[in-house]
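Have a look at the structure below, then the notes.
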Amino acid sequence: MISSTLARRYARALVEIGQERNALEKYGQDLTTLAQMMEASRDFSEVLISPVFTKEDKKRIAGEVLKQADTDPMVINFVNLLIDRKRIDQLPGIDKAFKEKVDEINGITRGQVTSAQALDESELGRVTEVLSKMSGKKVLVTTSVDPGLIGGLFAKVGDMVFDGTIRTQLNQLKESLKG
């Protein structure tokens, strides 16, 4: 809980600067790239997090890597601040909080749709349209397939859950027959 509060606080600060400089998209891309680098390279992640390396070494190494990735100088400064405050381990959470805040600004919410079979483009479009109308926001959907659902689909957008799966209906029927 504390780390998510911290992550939101740092993300909100970077979002505000990004809005002032009209660079929200670039900052978001750069944060995501850095978070992916830390996840993909254990060595890079350890250099940034380990107390064995000095702050100056961490900044120098991160700076060189980030310049090669064409990272915005403001994001490099932000990373240096995280290193100075020993919060670089919070970067994945900051990246997530940054995306959530930008989505909120843009009236976008994200959802997950799970179906028994893969949805074709037109089905996914209809589901996304219905979810957008229900939530009152533009919904960006990620999909997954779970054959265990038997049929129908399960959708979650924010706190809203729609369960129209055959599996759930069979379970409810089973419970009602038990009396």
Side-chain angles (χ1 to χ4, degrees), residues 1 3-19 21-42 44-45 66 69-72 75 78 89-179:
M1 185 62 148
S3 59
S4 66
T5 302
L6 274 172
R8 283 195 303 270
R9 189 178 313 153
Y10 280 101
R12 186 177 59 233
L14 190 59
V15 164
E16 288 174 6
I17 294 168
Q19 284 180 303
R21 297 179 178 200
N22 198 23
L24 275 179
E25 188 174 334
K26 174 67 174 147
Y27 291 1
Q29 291 169 351
D30 289 348
L31 273 183
T32 298
T33 299
L34 180 58
Q36 289 172 343
M37 279 192 243
M38 287 180 70
E39 185 177 318
S41 171
R42 184 176 176 177
F44 182 59
S45 182
L66 295 174
D70 194 30
T71 303
D72 189 280
V75 175
F78 182 74
D89 61 325
Q90 300 293 314
L91 191 72
I94 294 169
D95 180 43
K96 182 176 181 263
F98 185 92
K99 289 176 186 169
E100 290 171 354
K101 187 68 180 168
V102 171
D103 284 350
E104 181 184 315
I105 290 168
N106 293 325
I108 294 173
T109 188
R110 296 182 186 270
Q112 171 69 39
V113 173
T114 305
S115 57
Q117 298 177 344
L119 300 175
D120 65 29
E121 208 168 292
S122 118
E123 293 169 327
L124 183 58
R126 285 193 314 252
V127 169
T128 302
E129 185 180 323
V130 168
L131 292 173
S132 293
K133 283 182 182 174
M134 292 172 70
S135 68
K137 294 181 177 180
K138 180 180 178 183
V139 177
L140 298 179
V141 174
T142 55
T143 61
S144 60
V145 174
D146 179 1
L149 299 178
I150 304 171
L153 59 88
F154 177 88
K156 184 172 191 297
V157 178
D159 295 334
M160 182 176 62
V161 175
F162 172 79
D163 189 349
T165 63
I166 300 296
R167 180 177 64 192
T168 298
Q169 292 173 9
L170 289 174
N171 286 337
Q172 289 172 343
L173 179 63
K174 181 179 168 185
E175 290 300 318
S176 68
L177 290 175
K178 286 182 180 176

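Counting begins at 1 with the first residue of the sequence.
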With a 4.0 Å cut-off on N to O distance, would you call D103 and K99 a salt bridge? no
Between E129 and R126, is there a side-chain N and carboxylate O pair less than 4.0 Å apart? no
Answer yes or no: is there a donor N or O on one side and an acceptor on the other, between the side chain of [X] and the main chain of [Y], under 3.5 Å?
{"X": "S135", "Y": "L131", "result": "yes"}
{"X": "E123", "Y": "D120", "result": "yes"}
{"X": "T143", "Y": "V113", "result": "no"}
{"X": "S132", "Y": "T128", "result": "yes"}

Kindly indicate, with the supporting measurements, whether the criterion side-chain contact (heavy atoms from CB on, under 4.5 Å) is fulfilled by V127 and L153. CA-CA 10 Å; V127 169; L153 59 88; 3.8 Å; yes
I want to check something: taking the side chain as every heavy atom from C-beta on, are [X] and [Y] in contact at a cut-off of under 4.5 Å?
{"X": "E39", "Y": "P92", "result": "no"}
{"X": "V157", "Y": "M134", "result": "no"}
{"X": "I150", "Y": "T165", "result": "no"}

Quick one: [atom1] on [X] to [atom2] on [Y], what's the gap to the nearest 0.5 Å?
{"X": "L149", "Y": "R167", "atom1": "CG", "atom2": "CZ", "answer": "5.0 Å"}
{"X": "L14", "Y": "R12", "atom1": "CG", "atom2": "CZ", "answer": "12.5 Å"}
{"X": "L24", "Y": "I17", "atom1": "CG", "atom2": "CD1", "answer": "11.0 Å"}
{"X": "I105", "Y": "E16", "atom1": "CD1", "atom2": "CD", "answer": "8.5 Å"}

According to salt bridge (Lys or Arg N to Asp or Glu O under 4.0 Å), who are the partners of K156, at least two apart in sequence or on a separate chain? none
Using the side-chain contact (heavy atoms from CB on, under 4.5 Å) rule, take Y27 and V15 through it: C-alpha gap first, then chi angles, then the decisive distance, then the call. CA-CA 8 Å; Y27 291 1; V15 164; over 6 Å; no
Please evaluate residues E104 and K101 with respect to the criterion salt bridge (charged side-chain N to carboxylate O under 4.0 Å, His left out), reporting the C-alpha separation (whole Å), side-chain torsions for both, the decisive distance (0.1 Å), and the verdict. CA-CA 5 Å; E104 181 184 315; K101 187 68 180 168; 3.4 Å; yes
If you draw a 6.0 Å radius around NZ in K26, do more than 12 non-hydrogen atoms from other residues or ligands fall strictly inside? yes
Could you go through T32 and D95, starting from their C-alpha distance and side-chain angles, then the distance that decides it, and tell me whether this counts as side-chain hydrogen bond (donor to acceptor under 3.5 Å, both in side chains)? CA-CA 6 Å; T32 298; D95 180 43; 3.0 Å; yes
Check A11 against I94 and note the closest heavy-atom contact, atom names and distance. CB-O, 3.7 Å
Which atom names give the shortest non-hydrogen contact between A69 and M37, and what distance separates them? CB-CE, 3.8 Å
side-chain contact (heavy atoms from CB on, under 4.5 Å) between V75 and L34, intermediate numbers included: CA-CA 10 Å; V75 175; L34 180 58; 5.7 Å; no
Could you give me the CA-CA distance, side-chain angles and deciding distance for R21 and D72, then say whether side-chain contact (heavy atoms from CB on, under 4.5 Å) is met? CA-CA 12 Å; R21 297 179 178 200; D72 189 280; 5.7 Å; no
